[in-house]
Student: 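My questions all concern the structure below.
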Amino acid sequence: MEKLVALCANRGFIFPSSEIYGGIAGFWDYGPLGTEMRNNVKAAWWQRMVRERDDVVGLDSSIIANPRTWVASGHVANFNDPMVDCRTCKRRFRADQIDADDRCAASRDGKHDLTEPRQFNLMLKTRIGAADDSAGDAYLRAETCQSIFLDFKRVMQSARMKPPFGIAQIGKAFRNEITPRNFIFRSREFEQMELEFFTPPAEAMDWFERFREIRMRWHHDVGIAPEKLRWHAHGPDELAHYAKAAYDVVFEFPFGWQELEGVHHRGDFDLRQHNEHSGKDQSYTDPESKDRYVPYVVETSVGVDRCLLALLCSAYHEDEVGGEKRVVLRLTPQVAPIKVAVLPLSKKLAEPAERIAADLRRRFAVDSDTSGAIGRRYRRQDEVGTPFCVTYDFESEQDQKATVRERDTTKQERIALSELPSYLSERVLGY
């Protein structure tokens with residue numbers, strides 16, 4: 001894990017927010033490569049969950065909603081974690097997440113003197129308007145799904161949909177975590193990719209099982225190691241107050257098996273709650289059968305940041321090439337931040353190589369690198385997960401070909417310059 005965190009910082013994937021002031025716990029910035037990879041993960045999710053389906057539409061809602069939203073959802077009353085303080089070192093902990101080897105720096109025996117657990121609400125408060133009283137209190141959303149429920153009828157009518165159908169959203173959420181930890185796994189600001197699928201009550205369990213299969217297949221396809229993935233079924237003591245059934249996709253991170261995605265059968269809890277608190281009818285009448293019901297909801301929810309961390313953990317490898325050690329990120333072309341690197345063998349060849357790079361940039365993310373020996377440049381690209389390198393050499397002027405090197409096998413193939421776009425597109429884009 002330490003090697004991965006260092007790689008992310010040094011190569012511009014992820015680093016602490018406001019680092020020059022010492023950072024701020026639970027907040028991270030994504031650099032040039034991290035931004036590309038993050039966008040690729042979101043695009044892969046959106047492609048599979050929205051664009052390839054005719055029964056799902058998208059939404060991009062505001063981060064702040066009417067505060068009554070969070071009363072109706074139960075967050076104001078129930079969105080709590082148990083918190084304790086150490087009387088000696090004054091540190092604060094989530095009561096159920098104190099590490100066995102976490103020692104108190106202020107006590108002789110290293111043991112914490114902990115207070116009794118008390119409930120701590122994870123909602124992040126903010127203020128709206130000029131009033132200096134509670135009337136201006138609001139919350140940064142703790143999850144992206146509630147706005148989907150609020151907009152359910154508006155979207156259904158404007159998009160001319162009817163159950164079963166889904167509304168998808170990718171967006172920021174905020175939780176005032178007591179102890180953010182494990183790099184980007186548990187943060188106070190994060191991004192979610194969520195689908196709320198509205199179904200007739202009788203069809204909900206069938207859709208629940210279908211989406212379990214769909215979601216696991218997606219994780220495999222984007223490059224998360226299958227042997228590090230498994231299902232965790234929520235027992236009766238684990239189920240959320242709104243859930244009729246729930247499974248988590250869990251991943252074996254370096255710090256243990258942890259939740260990556262949740263697939264939940266939410267029943268009609270959410271729409272009924274908003275129906276009651278808003279006074280607006282959230283039921284649906286089938287125009288053919290005339291059946292009237294409040295739709296049930298099947299939810300799939302995965303964090304962009306956790307997904308990205310699982311991809312990096314799956315992709316990180318150390319091996320040897322020609323007797324030399326290298327670090328390589330074996331990312332799929334779909335999520336790799338750079339798809340192709342164009343490397344002129346000499347700076348004298350930079351101009352024709354740049355013409356090749358400019359042409360390829362119209363199709364995907366391309367990097368050009370002229371600094372250092374070619375072997376060193378290959379290693380730099382391996383380290384950030386670039387699937388293919390194109391080397392333009394002195395023979396290229398005569399035979400109008402370039403050498404394409406594949407990252408994982410390091411095999412090289414001579415390809416005609418005229419065929420490079422189609423050759424790489426087929427391997428990077430799949431067509």
Student: Should the pair W28 and F183 be assigned to parallel (<30°), tilted (30 to 60°) or perpendicular (>60°) ring geometry?
Tutor: perpendicular
Student: Ring-plane angle category for F255 and F253, please: parallel below 30°, perpendicular beyond 60°, tilted otherwise.
Tutor: parallel
Student: Does the gap between the ring centers of Y247 and H232 come in under 6.0 Å?
Tutor: no
Student: For residues 306-318, which residue pairs qualify under side chain to side chain donor-acceptor pair (under 3.5 Å), counting only residues two or more places apart or in two chains?
Tutor: K3-E318, Y316-E318
Student: Hey, would you say the F198 and F152 ring centroids sit under 6.0 Å apart?
Tutor: yes
Student: Would E209 and R212 pass as an ion pair if we require N to O under 4.0 Å?
Tutor: yes
Student: Salt-bridge test for E276 and R272: reply yes if a basic N is under 4.0 Å from a carboxylate O, no otherwise.
Tutor: no
Student: Quick one: side chain to side chain donor-acceptor pair (under 3.5 Å) pairs with a partner in residues 148-166, sequence neighbours left out?
Tutor: none
Student: How are the rings of H274 and F149 set relative to one another: parallel (under 30°), tilted (30 to 60°) or perpendicular (over 60°)?
Tutor: tilted
Student: Strictly under 6.0 Å, is that where the ring centroids of F13 and Y30 end up?
Tutor: no
Student: When you measure from the side chain of R188 to the backbone N and O of A25, does any donor-acceptor pair fall under 3.5 Å?
Tutor: yes
Student: Does the distance from a Lys or Arg side-chain N to an Asp or Glu carboxylate O, for R379 and E324, drop under 4.0 Å?
Tutor: yes
Student: Salt bridge (Lys or Arg N to Asp or Glu O under 4.0 Å): which pairs involve residues 67-82, sequence neighbours left out?
Tutor: D81-R94
Student: Determine the interplanar angle of the H265 and F208 rings, folded into 0 to 90°, and report it as parallel if under 30°, tilted if 30 to 60°, perpendicular if over 60°.
Tutor: tilted
